[in-house]
Amino acid sequence: MAKVNVSLPQGTRDFGPEVVRKRNYILNTIRNVFELYGFQPLETPAMENMETLMGKYGEEGDKLIFKILNNGLNDPKNIDKAKAAFEKVIEGKNDKNLTERALRYDLTIPFARYVAMNQGTLTFPFKRYQVQPVWRADRPQKGRYREFYQCDADVVGSNSLLNEVELAIIYLTAFKKLGVAIELKINNRKILSALAERCGGSDKMTDITVAIDKLDKIGLEKVKEELLQRGLNNEQIEIIESYLSIDGSNEEKLNKAKQLLGNIDSGKKGIEELETLLSLLTAHPSQLTIDFTLARGLNYYTGTIFEVKANNVQMGSIGGGGRYDDLTGLFGVPNIPGVGISFGVDRIYDVMEELKLFPEEVHTGTQVLFFNLGENESRLAFTAAQQLRAKGIPCELYHEAGKMDKQFKYAEKKNIPYAAIIGSNELKENICTLKDLRTGEQTKILIASLPDYSF
RNA sequence: GUGGCCAUAGCUCAGUUGGUUAGAGCAUCAGAUUGUGGUUCUGAGGGUCGUGGGUUCGAGCCCCAUUGGCCACCCCA
């Protein structure tokens, strides 16, 4: 065998037939739930103009954007410009003479761009879902890839909390259908901003959220250390500590939060929103957890924030989202509020694989394999196969007359449940030996009645 | 971007303090078996030991570099 010396770019993967079937199972399940709630599909290009993406994901995010080199850099008339641009890029600045396009980093910003561009023609509230790959120049590790799919649903043009309620139910419904046990964590950015206000100023907001988001990972002491490093004083840290130590049932947590932050406008508003949300979701209490330590990295969130954690498995969040007041403002169209959620498809796949949650049926494609046992036999088999296909039953005719041994093994490997054997004996009587390969049982039936058999 | 561990057949892995021709299981192919697979038995193919350099009489093993994988940090889905 020739030595194959090719490889894949770091952090990317091929998806073989089995894997694609499982992935489609996940995606179709989620898509169906989206459709059920009136969301419409949208697709945007793999690449965007650099300025659409830059500066939208924070300093760290900018570094992780995959940039696309311009064409024609070696053209003599461009060489000087390209060299100058390269110098600038080395200094950490982008330059259009070297790169003016980049691969999309998430689906939310391209969506905001789309809404901004089409605001005149869209019917609001506009509800869309989008399932496409995104790219990040991150170093791969467990549950983290350089190319991965996001599966987002957003509603823009509505301030109603009803949207949050529906999105929460979409999460719960989709994961229930997939058989994945989850906890849906909820918090509200307004509460976090009230906390920042109590600690001396809204300019501390980012420092506080970044630090407390790590609580479950590094523990309280380390969080306090980090807060100190980020320039907060002991009095302020004490307030944050009392905030973080809030525990109990959702109701108890809300009461304690009221005592701490209820006299600040944004805190009061945030707590009210959480209360309303919970009161509308009373049918699903056990999976909903208020988590005041939940902060979410993306800074454009302004209200409710969500995060989905799978139970019984070591894995980062498998979904997240939240409300943003003014995402399209970035593209010159202010005052279009929105709220959205995202499913981490690749991580959901890994979780389902680890917990063995894929149903048996996802493996089967072809239902019937017609054996090829000679020229005349296969002609008849071919006709029969066409009749089954006309009925919508996926089937195959073995590609050449070969040993039965081989044909059985082919069926076994492809997980085909039925073998239809038409040999010289069957040919004479116009019948077919139909064998169920899972049980080993076989029956003879008329070829003419094959399309009516319930496979 | 920073750090740790790893890389031997298609896959999972052995390979002794550096020593002759690098092994096993699974998988593949062929035969035992001319119309009944999954079991069993027999046999075969398959490797410049990730790549490049170095040390040595001699390197799969030691050293350096490089690429890739896994894991942690940063960040995130």
Side-chain angles (χ1 to χ4, degrees), chain A residues 1-13 16 26 57-65 92 104-108 131-152 206 209-211 213-214 217-218 222 226 295-299 306-310 314-322 340-351 369 371-374 377 398 401-428 432-442 444:
Chain A
M1 201 185 291
K3 170 133 181 165
V4 184
N5 196 17
V6 290
S7 63
L8 244 33
Q10 189 180 40
T12 67
R13 301 151 294 162
I26 295 174
Y57 307 105
E59 207 177 309
E60 204 62 38
D62 282 357
K63 288 189 208 160
L64 300 180
I65 292 172
R104 93 164 85 72
Y105 179 90
D106 73 353
L107 301 180
T108 310
V131 183
Q132 289 189 281
V134 303
W135 294 269
R136 294 186 190 177
D138 211 352
R139 189 171 289 198
Q141 55 174 281
K142 187 181 168 86
R144 179 185 289 186
Y145 306 96
R146 286 186 147 181
E147 178 184 66
F148 63 97
Y149 275 71
Q150 278 190 343
C151 178
D152 282 20
T206 307
T209 53
V210 168
D213 202 34
K214 299 176 184 169
K217 219 181 212 172
I218 62 177
K222 294 262 178 187
E226 180 153 349
R296 307 274 313 150
L298 298 169
N299 275 325
F306 296 111
E307 199 160 289
V308 182
K309 175 83 186 66
Q314 188 62 46
M315 177 67 77
S317 69
I318 56 174
I341 58 172
S342 178
F343 287 80
V345 180
D346 298 81
R347 286 189 177 177
I348 293 169
Y349 180 96
D350 289 348
V351 167
L369 177 69
F371 276 29
N372 186 331
L373 298 168
E377 290 87 342
Y398 195 75
K403 295 169 80 172
M404 293 188 79
D405 172 84
K406 272 198 145 184
Q407 306 196 32
F408 271 117
K409 281 184 172 159
Y410 178 82
E412 191 195 359
K413 273 185 205 150
K414 283 194 75 174
N415 253 301
I416 299 171
Y418 291 96
I421 302 165
I422 301 173
S424 51
N425 298 338
E426 286 88 349
L427 190 59
K428 282 181 225 155
C432 152
T433 300
L434 191 63
K435 181 163 181 171
D436 184 328
L437 298 176
R438 294 161 300 189
T439 62
E441 286 167 20
Q442 61 182 49
K444 289 188 196 297

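Here A/V210 lies in heavy-atom contact (under 4.0 Å) with sugar-phosphate atoms only. Within the 4.0 angstrom heavy-atom criterion, base atoms lie near A/G423. Contact annotation for A/N425: base contact, defined as any heavy-atom pair under 4.0 Å involving a base atom. Using a 4.0 Å heavy-atom distance criterion, A/E426 is classed as a base contact. A/I348 comes within 4.0 angstrom of no nucleic acid atom, judged by non-hydrogen atoms across all strands. Among the heavy atoms of the strands, none lies under 4.0 Å from A/Q407. Across all strands shown, A/F371 has no heavy atoms under 4.0 Å from either base or sugar-phosphate atoms. Across all strands, A/G61 comes closer than 4.0 Å to no nucleic acid atom at all (heavy-atom distances). Among the heavy atoms of the strands lying under 4.0 Å from A/I318 are primed sugar atoms or P, OP1, OP2 only; no base atom is included. A/S342 comes within contact range of no nucleotide atom at all, as no heavy-atom separation falls under 4.0 Å.
Comparing the same atom, C1', in B/U21 and in B/G47 gives a spacing of 13 Å after rounding to whole Å. Rounded to whole Å, the separation between the P atoms of B/A44 and B/C61 comes to 30 Å. Taking atom C1' in both B/A59 and B/U51, one finds a spacing of 16 Å when rounded to whole Å. With both ends at atom P, the span from B/U16 to B/A77 equals 46 Å, rounded to whole Å. Rounded to the nearest Å, the gap between the P atom of B/G10 and that of B/U48 is 8 Å. Rounded to whole Å, the C1' atom of B/C49 lies 10 Å from the corresponding atom of B/A9. B/A30 and B/G46 are spaced 15 Å apart, taking the C1' atom of each and rounding to whole Å. Across B/C26 and B/G18, the matching C1' atoms stand 31 Å from one another, rounded to whole Å.
Consecutive pairing runs in RNA chain B reach the stem threshold at B:1-7 with B:67-73, B:10-13 with B:23-26, B:28-32 with B:40-44, B:50-54 with B:62-66, where a stem means at least three Watson-Crick or G-U wobble pairs with distances under 3.5 Å.
Contact annotation: the side chain of A/L64 never approaches that of A/Y57 to less than 4.5 Å [non-hydrogen atoms, C-beta and beyond]. Side-chain contact between A/Q150 and A/T108 is absent, with no heavy atoms from C-beta onward closer than 4.5 Å. A heavy-atom distance below 4.5 Å is found between the side chains of A/M404 and A/I421. Annotation: side chain of A/K414 is not in contact with side chain of A/L369 (no heavy-atom distance under 4.5 Å).
Comparing atom distances between the A/E412 side chain and each of B/G35, B/A77, B/G37 picks out B/G37 as nearest.
In this view, A/Y349 and A/F358 satisfy the ring-ring contact (aromatic ring centres under 6.0 Å, His included) rule, not counting sequence neighbours. Residues that satisfy the side chain to side chain donor-acceptor pair (under 3.5 Å) test with A/N372, not counting sequence neighbours, are absent from this structure. Looking at residues two or more places apart in sequence or on another chain, you find a ring-ring contact (aromatic ring centres under 6.0 Å, His included) between A/F343 and A/F34, A/Y171, A/F175. Partners of A/R139 according to the salt bridge (Lys or Arg N to Asp or Glu O under 4.0 Å) rule, which considers only residues two or more places apart in sequence or in another chain, do not exist here. With sequence neighbours excluded, the residues satisfying side chain to side chain contact (heavy atoms under 4.5 Å, CB included) with A/D436 are A/Y418, A/R438, A/T439. For A/R146, the salt bridge (Lys or Arg N to Asp or Glu O under 4.0 Å) test picks out no residue, with sequence neighbours left out. Every residue two or more places apart in sequence or in another chain that forms a side chain to side chain contact (heavy atoms under 4.5 Å, CB included) with A/L437 is listed here: A/F408, A/A411, A/A419, A/K435. By the ring-ring contact (aromatic ring centres under 6.0 Å, His included) test, A/Y149 pairs with no residue at all, sequence neighbours left out. Scored by the ring-ring contact (aromatic ring centres under 6.0 Å, His included) test, A/Y398 finds A/Y410 as partners (sequence neighbours excluded).
Atom OH in A/Y418 sits about 17 Å away from atom C1' in B/G37, given to the nearest Å. Going from atom CD of A/E60 over to atom P of B/U2 covers 13 Å, rounded to whole Å. Between the P atom of B/C76 and the CG atom of A/L107 lies a distance of 17 Å, rounded to the nearest Å. Nucleotide B/G37 holds its P atom 16 Å from the CG atom of A/D436, rounded to whole Å. Atom CZ of A/F148 and atom P of B/C75 are 17 Å apart (whole Å). Taking atom CZ of A/R139 as the reference point, atom P of B/C70 lies 12 Å away to the nearest angstrom. Straight-line distance from the CZ atom of A/F306 to the P atom of B/A77: 15 Å, rounded to whole Å. When the P atom of B/U34 is taken as reference, atom CG of A/L373 falls 14 Å away, rounded to whole Å.
Under the 3.5 Å distance criterion, the side-chain polar atoms of A/R136 are matched with a main-chain donor or acceptor of A/Y105.
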Enumerate all atom pairs, one protein N or O and one N or O from nucleotides 28-31 of chain B, separated by less than 3.5 Å.
{"unit_1": "B/U28", "atom_1": "OP1", "unit_2": "A/K413", "atom_2": "NZ", "d": "3.2"}

Please list, pair by pair, any protein nitrogen or oxygen found under 3.5 Å from a nitrogen or oxygen in nucleotides 67-69 of chain B.
{"unit_1": "B/G69", "atom_1": "OP1", "unit_2": "A/G11", "atom_2": "N", "d": "3.1"}
{"unit_1": "B/G69", "atom_1": "OP2", "unit_2": "A/Q10", "atom_2": "NE2", "d": "3.0"}

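Applying the 5.5 angstrom centroid cut-off and the 30 degree plane-angle cut-off, the aromatic ring of A/F408 is not stacked upon the base of B/G38.
Of the two residues near RNA chain B, A/M404 and A/D138, the one whose nearest nucleotide lies more 5' is A/M404.
For the pair A/Q141 and B/A72, the criterion of a side-chain N or O lying under 4.0 Å from OP1 or OP2 is met.
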